[in-house]
Structure formats: structure tokens, C-alpha cells
Amino acid sequence: MRTLVTGCAGFIGYHLCARLLDDGHEVVGVDDLSTGQRLNVDDLGTRRGFTFLQHDIVEPLCVAGRFDVVYNLACPASPVDFGRRPLQILAVCSRGVWNVLDLCRRSGARLLHTSTSEVYGDPQEHPQRESYWGHVNPIGPRSCYDEGKRFAEALITSYARQHGVAVRVARIFNTYGPRMRADDGRALPTFITQALTHQPLTVHGTGQQTRSFCYVTDLVDGLLRLADSDVSEPVNLGNPDEVPILQIAQEIVRLAGSRSQIVHVPRPQDDPELRRPDIDRARRCLGWEPRTDRTEGLARTIEWFRRSSRPAG
Ligand SMILES: NC(=O)c1ccc[n+]([C@@H]2O[C@H](COP(=O)([O-])OP(=O)(O)OC[C@H]3O[C@@H](n4cnc5c(N)ncnc54)[C@H](O)[C@@H]3O)[C@@H](O)[C@H]2O)c1
């Protein structure tokens, strides 16, 4: 199989490419390295079957030959990026996705697009089913990402209807694991970095707001199953194991063997109160559900951060 992955230098992109290479695919990875890590491309580059193309998908994407599947992951995705590069996010969710769709049409590929639970906004329905249309502030500080991803879903659906390209849409919920960026502003890498350096863990508000965290290799397995399926409607991929953010912070302190205290800082605007996927569709149509226990996943992630922060030599 010949596969193209945009966003290959990112957190999920790295793990997806590694798994595709393990499964014997030929993989062309595309990334502009705006939020991704060079280290991920270098590590993938040591593997047989991997080719890297540095390219911004907001510009037309011309790659020769046919592809069986294109996985579109390219998009700045962390809260710090929402403030730093809102227009880039809107461009990649609109012109970028359009260019990827054009490539799929030309090369006869099926598209798997990575959407997000943020399309549900600060949800008024809990847990979130795919049928829920969401509760999103269109002009808030997160709107570039939330509305960008909603526009991308509308674009993909319309393009598929008009041009007959086969599309799959994964609505990914919070995912974690090795190779997250320490400074990307997401809760888990922030807590782990703070715990490993014995700094206070900065919990937003009371910490009673909930999240559901899925270990990255489980998520990648769901992406592969969805790409192989005939499900053209969006599918939630995430872990229904819902936990208050304060509890996650306490678990990380314990697992890291840290002396850190927990401090409370103001909540960001439009921060969702509750997050839990309803994964009935994924269970039914893909036979998928997460397998990695949270303690085990957190321990592996903490270990990776510990090793990667050690000076070389
Ligand atoms: N990590 C999560 O918890 C999560 C949750 C929901 C959805 N997602 C989605 O999954 C995808 C991957 O997320 P991630 O966590 O790996 O993020 P990431 O920031 O680690 O990876 C995104 C990658 O896309 C690249 N990129 C950004 N703009 C680009 C452009 N214009 N052209 C080419 N490459 C570009 C970046 O350099 C980076 O390598 C994103 O689309 C994100 O919205 C992630």
C-alpha cells in the first residue's frame, strides 16, 4: 500500500507513520515543521519505505503517483497555537484541506481526515455522540480551531458529494503519549514537565472540569480501522474513561515520584467543562475501543519525558 501522511512530524503523525511502516506500507510524509519536531522526521527517516517532503499544505500539493490512502493530520493543534497562529490554523483547515482533497481526487486516494472533539465546543450534551451539533463560540479565542475544524468537515462532506472522493472523518478526543511537545500548553505534557522538575503543577480553576485521555497507540489503531472501513460519517475516537483534571495532576505527581505541589490558576476563556466521547459507533462499526490502562499509559509517557529531558552522553 502507498500512503501519504500530512503532519508526519507531529505527535500523532509520528506514531501513525511508525505503525504504517511496521505494517509494510510505503509512506510519504508531508510536513512544514511549523509545530512538528525534526527529531520525529529524522527517526522515521531511518526506516525503510519512508520519504519526507517539507511542504506547507496551504500551497497546492503536487506529489507524483497514486496513493491508496491519504491521512490528513496537518494542523497546529495545541492551545498555545490558537493564540500564536490563528490565521494559519484557519488557512490550513480551509485551503490546506482543499489542497489535500484535490490530491486525493487526482491520485485516486481515500481520505482519512483528523477532526476533533472541539467541534462539540463546550457541550450541552454529555457524553458527546456524533449526532450532537455542538455549542461553539464562533468569535472566542479558540474559535480559529473549533470553527476551522467544523468548516473542514463541511468542506470534506461537500467535496465528497460533488466529486465522489471517498472520505473518512475521525473526531479525535484528547490523546496523550510519548513525543508530545513539552511546551505545547496541553495539560498532560505541562503537568509531566512540572512534575519531573518538581515545580508546582498549574491546575486551571478547581480542576473539577473533566477530560478523557486516550493513549496514542490505541488512537492510531482506531485511525487505521476507520481508514479501512466503509463508514463515511464522522466517528468519535477517544477513551470514555472520564476523569477530573485535578485527579490527573495528582496521579502524575505520584507516578513521577515528584515533590511538586498543586496550585490553581485561572481557567482560560471557553475552556470546556466536560469531555467524554460516546464511542458506540466506533465499537459497532470498527470493533474498536481503547485498551491501554491510564496508569500504564501515563507511566510510559512520563518515562519518555524523563529520558528525553536527560542530557545526551
Ligand atoms: N493530540 C490530540 O489530542 C488531538 C485531539 C483532537 C484532534 N487532533 C488532531 O490530530 C492532528 C494531529 O495532532 P497532533 O496532536 O499530532 O498535533 P501536532 O501539532 O503535534 O502535529 C501537527 C503537525 O502538522 C504540521 N503542520 C501544521 N500546519 C501545517 C501545514 N500548513 N502544512 C504542513 N504541515 C503542517 C505541524 O508541523 C505538525 O508536525 C491535528 O489535525 C489535530 O487537530 C489531535
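Note that this is a predicted model, so its numbers are computed, not measured. Values below: every heavy atom of this structure, side chains too, minus hydrogens, waters and symmetry copies. When a ligand or atom number is given, it counts from 1 through the structure's own listing order.
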A.B. asks: For a quick test of reading the model, state the closest non-hydrogen atom pair linking W98 to L155 and the distance between them.
C.D. replies: CE3-CD1, 3.4 Å
A.B. asks: Does the distance from a Lys or Arg side-chain N to an Asp or Glu carboxylate O, for E251 and R294, drop under 4.0 Å?
C.D. replies: yes
A.B. asks: Check whether NZ of the Lys or CZ of the Arg R179 lies under 6.0 Å from the centre of the six-membered ring of F11 and within 45 degrees of that ring's axis.
C.D. replies: no
A.B. asks: Strictly below 4.0 Å, N to O, side chains only: are R106 and D102 in salt-bridge contact?
C.D. replies: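 No, this pair does not count.
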A.B. asks: May I ask you to establish whether R2 and F67 are in a cation-pi arrangement, using a distance under 6.0 Å from NZ or CZ to the six-membered ring centre and at most 45° from the ring axis?
C.D. replies: yes
A.B. asks: Residue by residue, ordered by chain and number, which ones reach under 4.0 Å of ligand 1 with a heavy atom?
C.D. replies: G7, A9, G10, F11, I12, D31, D32, L33, S34, T35, G36, H55, D56, I57, L73, A74, C75, P76, A77, V92, T114, S115, T116, Y145, K149, I172, F173, N174, T175, R186
A.B. asks: Only counting residues at least two apart or in another chain, list the ones meeting salt bridge (charged side-chain N to carboxylate O under 4.0 Å, His left out) with R110.
C.D. replies: none
